[in-house]
Amino acid sequence: MLQTVAQQFAQLGTDISTTWAASGPQYLHGMWNTISLAVLATLIGCIIGFFCGILQTIPCAKSDNVIKRFFLKLINIIIRIYVEVFRGTPMILQAVFIYYGLPYFTGSQMQWSNVFVAALFIVSINTGAYMAESVRGGFLSIDPGQTEGAKAIGMNHFQTMLYVIIPQALRVLLPQIGNNLIINIKDTSVMFIISYGELFSVHRTIVGATFVYFPSAAIEMAAYLSMTLIASFLLRWLEKRMDGSNNYELVNEDQLVGAAGTYNHPGKGSPFDERSKEYANPSAAEKCTVQEELLKNRNGSTRGDR
């Protein structure tokens, strides 16, 4: 039994080596197409998500203009429909509707001239639907005092989002962005439905030519696992870089102590003399009067007069 299993694994290794030797460049080309599509689509999807998040968080009060309230309500409805439709349907069906629906409804007058652009559009808007809700939650997690402080110094909503909220929310959203990247690396496999030459499409082509299914599937699984592991490693490295150093030197001494007692009054009679001119040259009688007043205050005799 063990000998049979060992022979099967040996045969699998031989078949994988043979398949890779014959079709290795095609697998690598498919991996490149998968990575380029996933990375670009994730970036564009993040931009869409952040834009939708900013629009959804525009403040709207009952005292605002009716036109402003109407358009903000309309924008929120459109974003909500977009998010629910693209989160609630499979990407493979979205690809079919977008790629094949355009020539269907236009009588083949309009169609996608570049399959990569079509695939990028499909994956990007799908990612943007997921990121829109994540970004909205990330914005709400930021302390409202940050927004109030930005408004106090005269920033409008978009300036507040760009310079105050987004830099803080980006760190919170980085794990979700990484998850979307890894998901896109795997989910781009459905783009074979529109004949895009990603890794899974290459696997189908090779299997159709050689009829050796399992060795090709093993190569494909190893390739997907390698891409996702590398992406995870890079994202964790980026998170650590954004966190900064975990060791900080605490200040144990007051930095102002060294400056204590070092102040000297400007020279007497100089333009910077802070002393009152009235008492610049007091007479002996005035000195006695001042000393008497100080003694009275010290003994509390003038407490009712103060």
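Quick caveat: nothing in here was measured; it's all calculated off a predicted structure.
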Worksheet item: Do the side chains of Glu239 and Pro175 get nearer than 4.5 Å, heavy atoms only?
Response: yes
Practice prompt. Give the minimum heavy-atom separation between Val202 and Gly197, together with the two atoms involved.
Written response: CG2-O, 4.2 Å
Item to complete: Say whether, by atom type as modelled, one donor and one acceptor occur between the side chain of Gln176 and the main chain of Met131 under 3.5 angstrom.
Response: no
Discussion item. I need the minimum non-hydrogen distance between Leu120 and Ala41, along with the two atoms involved.
Written reply: CD1-N, 3.6 Å
Practice prompt. Given side chain to side chain contact (heavy atoms under 4.5 Å, CB included), test Ile125 with Ile98 step by step and report yes or no.
Written response: CA-CA 11 Å; Ile125 59 176; Ile98 293 174; 3.6 Å; yes
Worksheet item: Honestly curious: do Phe139 and Val172 fall in one hydrophobic cluster under the side-chain, below-4.5 Å linking rule?
Response: no
Practice prompt. Check whether any side-chain N or O of Ser216 sits under 3.5 Å from a backbone N or O of Tyr213 as a donor-acceptor pair, and report yes or no.
Written response: no
Item to complete: Would you mind reporting whether Ile166 and Ile54 have side-chain heavy atoms less than 4.5 Å apart?
Response: yes
Practice prompt. Hey, could you give me the CZ/OH distance between Phe97 and Tyr104, rounded to the nearest 0.5 Å?
Written response: 10.0 Å
Item to complete: Report, as yes or no, whether the 6.0 Å neighbourhood of atom CD1 on Ile77 holds more than 12 heavy atoms from other residues, nucleotides or ligands.
Response: yes
Worksheet item: Hey, any chance Leu43 and Met227 share a hydrophobic cluster, counting ILVMFWY side chains that come within less than 4.5 Å of each other, even indirectly?
Response: yes
Fill in: Co-membership, hydrophobic cluster, residues Ile79 and Val85, 4.5 Å side-chain
yes
Discussion item. I need the Ile142 CD1 to Met161 CE distance, nearest 0.5 Å.
Written reply: 9.5 Å
Worksheet, complete the sentence: Minimal heavy-atom distance between Tyr99 and Ala118, with the atoms involved, is CD1-CB, 3.6 Å
Discussion item. Is there a side chain to side chain contact (heavy atoms under 4.5 Å, CB included) between Leu174 and Leu238? Walk through the geometry before answering.
Written reply: CA-CA 9 Å; Leu174 190 59; Leu238 181 59; 4.0 Å; yes
Worksheet item: Should the heavy atoms of other residues, nucleotides or ligands under 6.0 Å from CZ of Arg69 be counted, would the total exceed 12?
Response: yes
Practice prompt. For residues Ile193 and Ala95, report the shortest heavy-atom separation together with the two atoms involved.
Written response: CG2-CB, 3.8 Å
Item to complete: Applying side chain to side chain contact (heavy atoms under 4.5 Å, CB included), run through Ser232 and Ile182 and close with a yes or a no.
Response: CA-CA 8 Å; Ser232 298; Ile182 293 173; 3.1 Å; yes
Worksheet item: Testing Thr42, Asn180, Asn184 for side chain to side chain donor-acceptor pair (under 3.5 Å) with Thr127, which one passes?
Response: Asn184
Worksheet item: Between CZ of Phe86 and CE of Met91, what distance do you get to the nearest 0.5 Å?
Response: 10.5 Å
Worksheet item: Under 4.5 Å between any side-chain heavy atoms of Leu12 and Gln8, yes or no?
Response: no
Fill in: Any donor-acceptor pair under 3.5 Å from Tyr224 side chain to Leu199 backbone
no
Discussion item. Quick check for you: to the nearest 0.5 Å, what is the distance between Asn126 atom CG and Gln94 atom CD?
Written reply: 4.5 Å
Worksheet item: Just wondering, do Ile122 and Ile194 contact through their side chains at under 4.5 Å, heavy atoms?
Response: yes
Discussion item. Within a 6.0 Å radius of atom CZ on Phe51, are there more than 12 heavy atoms belonging to other residues, nucleotides or ligands?
Written reply: no
Worksheet item: Is the backbone N or O of Gly138 less than 3.5 Å from a side-chain atom of Ser141, with the two atoms forming a donor-acceptor pair by type?
Response: yes
Worksheet item: Would Phe50 and Leu170 count as a side chain to side chain contact (heavy atoms under 4.5 Å, CB included) if you check the C-alpha gap in whole Å, the side-chain angles of each, and the deciding distance to 0.1 Å?
Response: CA-CA 10 Å; Phe50 274 99; Leu170 185 60; 4.0 Å; yes
Worksheet entry | Separation of Ser36 OG from Phe116 CZ (nearest 0.5 Å) | 5.0 Å
Practice prompt. Verify whether one side chain among Thr188 and Glu198 offers a donor that lies under 3.5 Å from an acceptor in the other.
Written response: no
Worksheet item: Do you know the tightest heavy-atom contact between Ala231 and Leu181?
Response: CB-CD2, 4.2 Å
Worksheet item: Quick check: does any side chain N or O of Asn156 sit under 3.5 Å from a backbone N or O of Gln159, one acting as donor and the other as acceptor?
Response: yes
Item to complete: Check salt bridge (Lys or Arg N to Asp or Glu O under 4.0 Å) between Arg80 and all other residues, then give those that pass, not counting sequence neighbours.
Response: Glu84, Glu133
Worksheet item: Would Leu235 end up clustered with Val39 when hydrophobic side chains under 4.5 Å apart are linked, directly or stepwise?
Response: yes
Practice prompt. Enter the distance from Gln11:CD to Thr4:OG1 here, rounded to the nearest 0.5 Å.
Written response: 13.0 Å
Item to complete: Measure the shortest side-chain to side-chain distance between Leu173 and Ser134 over non-hydrogen atoms and say whether it is less than 4.5 angstrom.
Response: yes
Worksheet item: Would a hydrophobic clustering, with Ile, Leu, Val, Met, Phe, Trp and Tyr connected at side-chain separations under 4.5 Å, put Val207 with Phe214?
Response: no
Practice prompt. On the 0 to 90° scale, with breaks at 30° and 60°, tag the Tyr27-Trp20 ring pair as parallel, tilted or perpendicular.
Written response: parallel
Worksheet item: Can you find a side-chain donor-acceptor pair between Gln56 and Asn76 that sits under 3.5 Å?
Response: no
Response to the item:
When every non-hydrogen atom of Ile48 is compared with those of Ser124, the smallest separation belongs to CD1-O, 4.0 Å
